[in-house]
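Lettering follows sequence order; numbering is per chain, from 1.
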Amino acid sequence: MRLMTPLSHIRNFSIVAHIDHGKSTLADRLIQSTGTVQDRDMKEQLLDAMDIERERGITIKANTVRIDYTADNGEKYVLNLIDTPGHVDFAYEVSRSMRAVEGSLLVVDSTQGVEAQTLANVYQAIDADHEIVPVLNKIDLPASEPDRVREQIEDVIGIDAKDALLVSAKTGIGIHETLEAIVHRLPAPKGDAAAPLKAMLVDSWYDSYLGVVVLVRIMDGVLRKGDQIKMMQTGARYGVDRLGVFRPAMQPVDELGPGEIGFLTASIKQVRDTRVGDTITHEKKGADKPLPGFKPSIPVVFCGLFPVDSSEFEDMRDAIEKLALNDASFTFEMETSAALGFGFRCGFLGLLHLEVIRDRIEREYDIDLITTAPSVVYHVHMKDGEMRELHNPADMPDLTYVDHMEEPRIKATILVPDEYLGDVLKLCQDRRGIQQELTYAGSRAMVVYDLPLNEVVFDFYDRLKSVTKGYASFDYQVVGYREDNLVKMQILVNDEPVDALSTMVHRDRAETRGRAMVEKLKDLIPRHMFKIPIQAAIGGKVIARETLSAMRKDVTAKCYGGDATRKRKLLDKQKAGKKKMRQFGKVDIPQEAFINALKMDS
Amino acid sequence: MPVSAEDWQDGGFGLYIHWPFCEAKCPYCDFNSHVARRIDQDRWRRAYLAEIDRVADELPGRVLNTIFFGGGTPSLMDPDSVAAILTRIAQRWPMANDAEITLEANPGSVEAGRFRAFRAAGITRISMGIQALNDADLRRLGRIHSVDEAMAAFDIARGTFDRVSFDLIYARQDQTLADWKAELNQALTKAIDHISLYQLTIEDGTAFGDRYRLGKLRGLPDDDAAADMFDATAEICAAHGFERYEVSNHARPGSEARHNLIYWRYGDYAGIGPGAHGRITVSGRRYATETHRNPAAWLSAAERGTGESLREPLAGMEQAAEYAMMSLRIGEGMDIGRYARLAGQPLNAVALADLSEQGFVTERGGRVVVTGRGLPLLNAVTGQLLAD
């Protein structure tokens, strides 16, 4: 039986970093140098379990590892690392992970400097009262400029960086110093083992062998295997089946005491039955008051997902239900479209979240999908005083009953080298942005803009990367709703409205967007045997029009006895290609057109 | 119309004989052709004879309508070999009285001298690959003959054979509509009864294909210009009394290439020689056959008993698709009843009505015929007609 670790010998921490600044490598190195994982079991980015996470170099769910470390003073410490997602879409997951630990390592690439994403996450750490230890990484590279970056951290973030650690996670420089700093510079957790149990539900996910696994941080009291527990928010009761810690593989323990981080399983069927931020206590002699809770995460981007092959609808339903088991932030409901058949209207935390879910359905379940134009949630205020949430432009009510509409706005923070500043300002202005702040830190500008989410949701980040050659960094948070002159723009192909291409746009931007869309569609739709008018319209009024001329020549010059097999197979291929298109009236529209039509070139 | 006992009988029966060698490989050609320094003509002759026996054993008793020597450059064959092959064929099958026996020839001076020998061997028709009527374009097409040589060879051929056809390639690099019209008018003053006019097609796996992918094949007419040339071609030929009876083939009525009509009417044909394809009906089942493509591999396989490398039964739907693909190319069109019998289901009536309403096809006498408006879009028309 393992004894609980005394509070004074526990350190709980997270790592804050911009993507590519070396967070995962540093975590790997800390795990490896303490012998937590044997060298032969080591693989790159240990904590990023999903393929998509590894491939994109991002962390989506929080991951945890418990590290045993004997410090230079001879004492044995338990270090719990919660690895948090870096991307803005998952900011909410970051905030709750931060609440479970007392300190953070702020990792900054010493060849690059502070990025917008770093800022957003470090402010979350500051909000959570963390002790922050700056770590300058990639110190081995010739382009490393520790002094400049140290100064930048002080200027931009406003924390003391004179004791920043100089580290190369890749070569191992400074790893020992980092471990010592965790022990000596980060505070020990507080808590009372004798008090009634209060455990914070940090995260939960579905495991096909164990059912729902709940990640907990014990604040007060002791949680033991076999205990009867109660979720204070939902009132649900369970018996604890298993208790354990991550090293990073699951290792069972008999009890978890104050300050400790571990997992429990308790025959919980769905992730949805657990509320992140809930307080877990004992059924009997439990705590009276829960810990302060979190706000639930709310999807902000919606789109329709339809199987390319309509016979795969049931498979797709299975896939979506399975993914939702593990991701309570993703919502879905069935949707029917005249053109696309049966599918789902899905809600996501952001575009990356959308892409991750879509990729997982396509890859893990082998289902080709058509993705319709992403939309944000509008507030439609009806004349009778009712407010309707609009998730899908196709559901836009008759304008005669609409009083006014509101759209979500964001506060966007962009850090950019000053030579690209002009392009960034133009991009933000073009997207109906209102400048709020413009400051300099060294040769970099920090721009804060109030922007409509619908202008950002689609390709803003791509455009930003392209106008700044990848040197800008960007982060945002939704700040609220504002009334504006919004209209539904329809696209008519061969005189038939294509619902999947309908979008909400600002009235002043409608002509520009409409023209861009019909021009794009003219290139995206293959020529047919007849000419095809492509129009953008608001209400009954056409605001932009292009004509796709008829195909003139599509005939094989030579076809003799030796060509029969090849030409027949070509015909079959042509048929298979047609299945990847969707028919609207007599027009075949390729699936990629639905997304690409919305991408703006400027 | 009486229903034939076996489907192929509506198209007839022909033999295709492939000679895989050329003096030089042309940059646009994706046929199975090879350049060899030395060819053992005797050994090759024995292999062809053995293959003829193998096929004849399997398909006995049929009346043979046509024979076609293609390539490669079959006019490089030893005329004695051609004679031996034709003799053996005549021993194995009853020949139709008016059997058409065609040989493809290059318009070079070497071959011209052998035309008499080919006629003596039994060849009745020559198909000559002239390709262009100006020397600069011939060189760009990688042809080794000149216009003058071609004309001289053509004159010898027409003095030796009653039926001589020739090929031209158009929609070439930097060719305008006016250039093509002039060239075609000039060609038609020479033509006897048949002419094949092919739009230059860039095929993968050819020298032109490689250059095209690299963006180095410049000056090709765009689809609109090529479509204009296609339409002008039919008009000019008609004005000279040559009817477009197939996408790329034009003839005075009655002088159509009967061997090729077997393909387009989806008859049976046996393929002999390297990389030759066949469609044969054996014991009531129709098969697609292929032989070894590599000349040396075919030669030794044929010597060991069979040059065939593939025999695949064709499902009803596959046969129906091939029949449609082939028959919609020709002026007489596709027999709707025959299609339905092969497919085991009727032709898509909605698609047919739609295409007919748009003027791409007409329906008459139980046949679908592609119109002049539909022909340049034949692949799309066929695709729509055969859509599920």
Handout entry: Aromatic plane relationship, A:Y560 with B:W264 - under 30° parallel, 30 to 60° tilted, over 60° perpendicular
Key = tilted

Problem - Lys NZ or Arg CZ of A:K553 over B:F230 ring: under 6.0 Å, within 45° - result: no

Problem - Steps toward salt bridge (charged side-chain N to carboxylate O under 4.0 Å, His left out) verdict (B:D222, A:R552) - result: CA-CA 10 Å; B:D222 63 19; A:R552 287 284 317 276; over 6 Å; no

Handout entry: Lys/Arg-Asp/Glu bridge criterion (N-O < 4.0 Å) met for B:D354, A:K586
Key = yes

Fill in the blank from the handout: Okay, B:Q319 and chain A: the region with an atom under 4.5 Å from a heavy atom over there is neither

Practice task
Over all heavy atoms of both residues, which pair between B:T201 and A:A557 is shortest? Give the atoms and the distance, please.
Solution key: OG1-CB, 3.7 Å

Practice task
Return yes when atom CZ of A:F342 has more than 12 non-hydrogen atoms of other residues, nucleotides or ligands closer than 6.0 Å, and no otherwise.
Solution key: no

Fill in the blank from the handout: All heavy atoms of A:A564 vs all of B:M325, minimum pair found to be O-CE, 3.5 Å

Practice task
For atom OH of B:Y212, decide whether the heavy atoms of other residues, nucleotides or ligands shown that lie under 6.0 angstrom number more than 12.
Solution key: no

Problem - Distance (rounded to the nearest 0.5 Å) between B:L378 CG and A:C559 SG - result: 9.0 Å

Practice task
Sort out for me which of B:A324, B:P376, B:A227 touches chain A most, counting heavy-atom pairs under 4.5 Å.
Solution key: B:P376

Handout entry: Between CD on residue B:E318 and CZ on residue A:R568, distance to nearest 0.5 Å
Key = 4.5 Å

Problem - Which portion of B:L386 sits near chain A, non-hydrogen atoms under 4.5 angstrom - result: both

Problem - Residue part contacting chain A, namely of B:Q199, when any heavy atom lies under 4.5 Å - result: both

Problem - Audit row: B:T382, A:L571, side chain to side chain contact (heavy atoms under 4.5 Å, CB included) steps and yes/no - result: CA-CA 8 Å; B:T382 309; A:L571 201 70; 4.3 Å; yes

Exercise for the section: Enter the distance from A:T565:OG1 to B:L314:CG here, rounded to the nearest 0.5 Å. Expected result: 7.0 Å

Completion exercise
Of B:R329, B:H277, B:E290, the largest count of non-hydrogen pairs under 4.5 angstrom with chain A goes to B:R329

Exercise for the section: Find the one option among B:Y16, B:F360, B:Y266 whose heavy-atom pairs under 4.5 Å with chain A are most numerous. Expected result: B:F360

Problem - Contact origin within B:I262 toward chain A - heavy atom pairs under 4.5 Å - result: neither

Practice task
May I ask you to decide if A:K558's main-chain N or O and B:S248's side chain share a donor-acceptor pair within less than 3.5 Å?
Solution key: no

Handout entry: Among the listed options A:M529, A:R527, A:K575, A:Q574, the residue most often paired with chain B at heavy-atom distances under 4.5 Å
Key = A:M529

Completion exercise
Whatever's closer than 4.5 Å to a heavy atom in chain A on B:D228 counts as both

Practice task
Can you tell which part of B:Q384 gets under 4.5 Å to a heavy atom of chain A, answering side chain, backbone, both or neither?
Solution key: side chain

Problem - Option in B:L197, B:D224, B:D223 with maximal non-hydrogen atom pairs under 4.5 Å from chain A - result: B:D224

Practice task
Please flag which part of B:Y269 lies under 4.5 Å from any non-hydrogen atom of chain A: side chain, backbone, both or neither.
Solution key: side chain

Exercise for the section: Output, in order, the C-alpha distance, side-chain angles, deciding distance and verdict of side chain to side chain contact (heavy atoms under 4.5 Å, CB included) for B:N379 and A:T556. Expected result: CA-CA 7 Å; B:N379 293 345; A:T556 307; 3.2 Å; yes

